Engineer: 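Next up is a structure, given as structure tokens.
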Amino acid sequence: MELRKKLEREFQSLKDNFQDQMKRELAYREEMVQQLQIVRDTLCNELDQERKARYAIQQKLKEAHDALHHFSCKMLTPRHCTGNCSFKPPLLP
């Protein structure tokens with residue numbers, strides 16, 4: 001009978017340790033999920049800002065190209081311009 005109680009205590013102790021370890025593992029995994037979500041959100045925000053900056057640069061380049069075309073079309077070689085110059089002066093900020 002004493003052996004049985006000893007084995008039951010050992011079994012309960014192992015069971016408790018296993019449950020504690022599983023709880024720690026679950027908490028660790030939940031923390032990792034939160035950290036990965038933070039990293040994902042940060043990277044998405046940075047990519048979005050970069051995309052907006054790239055778009056703004058493209059718009060500025062287009063404005064510069066259009067202005068150069070307009071200058072060339074109207075000032076340098078009017079005989080080569082078809083009269084369909086699509087230049088629109090940029091809006092002032």
Side-chain angles (χ1 to χ4, degrees):
M1 201 61 167
E2 189 65 32
L3 179 61
R4 180 182 171 103
K5 287 187 184 220
K6 181 180 176 187
L7 289 173
E8 286 176 357
R9 282 194 304 270
E10 284 184 37
F11 175 76
Q12 189 61 43
S13 176
L14 289 171
K15 183 177 169 184
D16 292 343
N17 287 341
F18 178 75
Q19 288 175 342
D20 289 344
Q21 186 176 356
M22 290 305 294
K23 287 177 186 175
R24 284 193 303 273
E25 179 71 23
L26 183 59
Y28 172 78
R29 287 177 184 227
E30 288 172 353
E31 176 68 23
M32 288 298 101
V33 167
Q34 290 174 353
Q35 293 296 322
L36 287 171
Q37 288 172 340
I38 291 169
V39 169
R40 183 197 64 204
D41 292 345
T42 301
L43 289 175
C44 286
N45 287 337
E46 288 178 7
L47 283 172
D48 191 45
Q49 289 175 359
E50 192 173 315
R51 193 176 301 118
K52 288 176 183 176
R54 192 178 313 120
Y55 179 76
I57 291 169
Q58 287 174 340
Q59 289 303 109
K60 293 291 182 188
L61 285 172
K62 184 181 181 324
E63 289 174 8
H65 174 268
D66 289 349
L68 181 60
H69 173 78
H70 178 69
F71 177 78
S72 297
C73 188
K74 301 295 180 192
M75 302 297 179
L76 298 178
T77 57
R79 65 184 174 274
H80 296 293
C81 187
T82 63
N84 296 329
C85 187
S86 62
F87 174 75
K88 294 179 186 81
L91 297 173
L92 295 175

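Both backbone and side-chain heavy atoms feed into the values below; hydrogens, waters and symmetry mates do not. This is a predicted model, so every value here is computed, not measured.
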Engineer: For the atom pair CD (Gln37) and CD (Gln34), what is the distance rounded to the nearest 0.5 Å?
Structural biologist: 7.0 Å

Engineer: Please report the interatomic distance CD(Glu2) to CG(Leu7), rounded to the nearest 0.5 Å.
Structural biologist: 10.5 Å

Engineer: Output all residues satisfying side chain to side chain donor-acceptor pair (under 3.5 Å) with Arg24, sequence neighbours left out; order by chain, then residue number.
Structural biologist: none

Engineer: Which residues pass the salt bridge (charged side-chain N to carboxylate O under 4.0 Å, His left out) test with Arg51, sequence neighbours left out?
Structural biologist: Asp48

Engineer: Quick check against the 3.5 Å criterion: does Ser13 have a side-chain atom that pairs as donor or acceptor with the backbone of Arg9?
Structural biologist: no

Engineer: What do the steps show when you test Lys60 against Glu63 for side-chain contact (heavy atoms from CB on, under 4.5 Å), and what is the final call?
Structural biologist: CA-CA 5 Å; Lys60 293 291 182 188; Glu63 289 174 8; 4.0 Å; yes

Engineer: Do NZ/NE/NH1/NH2 and the carboxylate oxygens of Glu8 and Arg4 come within less than 4.0 Å?
Structural biologist: yes

Engineer: Could you give the distance from CG (Asp66) to CD (Gln59), rounded to the nearest 0.5 Å?
Structural biologist: 9.5 Å

Engineer: Testing Gln21, Lys23, Arg29 one by one against Glu25 for a side chain to side chain contact (heavy atoms under 4.5 Å, CB included), which residue passes?
Structural biologist: Arg29

Engineer: Distance from Leu36 atom CG to Asp41 atom CG, nearest 0.5 Å?
Structural biologist: 11.0 Å

Engineer: Quick one: pull up NE2 in His70 and CG in Leu68 and give me the separation to the nearest 0.5 Å.
Structural biologist: 11.0 Å

Engineer: Would you sort out whether Glu31 and Gln35 count as a side-chain hydrogen bond (donor to acceptor under 3.5 Å, both in side chains), showing the intermediate values?
Structural biologist: CA-CA 6 Å; Glu31 176 68 23; Gln35 293 296 322; 2.9 Å; yes

Engineer: As an exercise, state the distance from CG of Asn17 to CD of Gln12, rounded to the nearest 0.5 Å.
Structural biologist: 10.0 Å

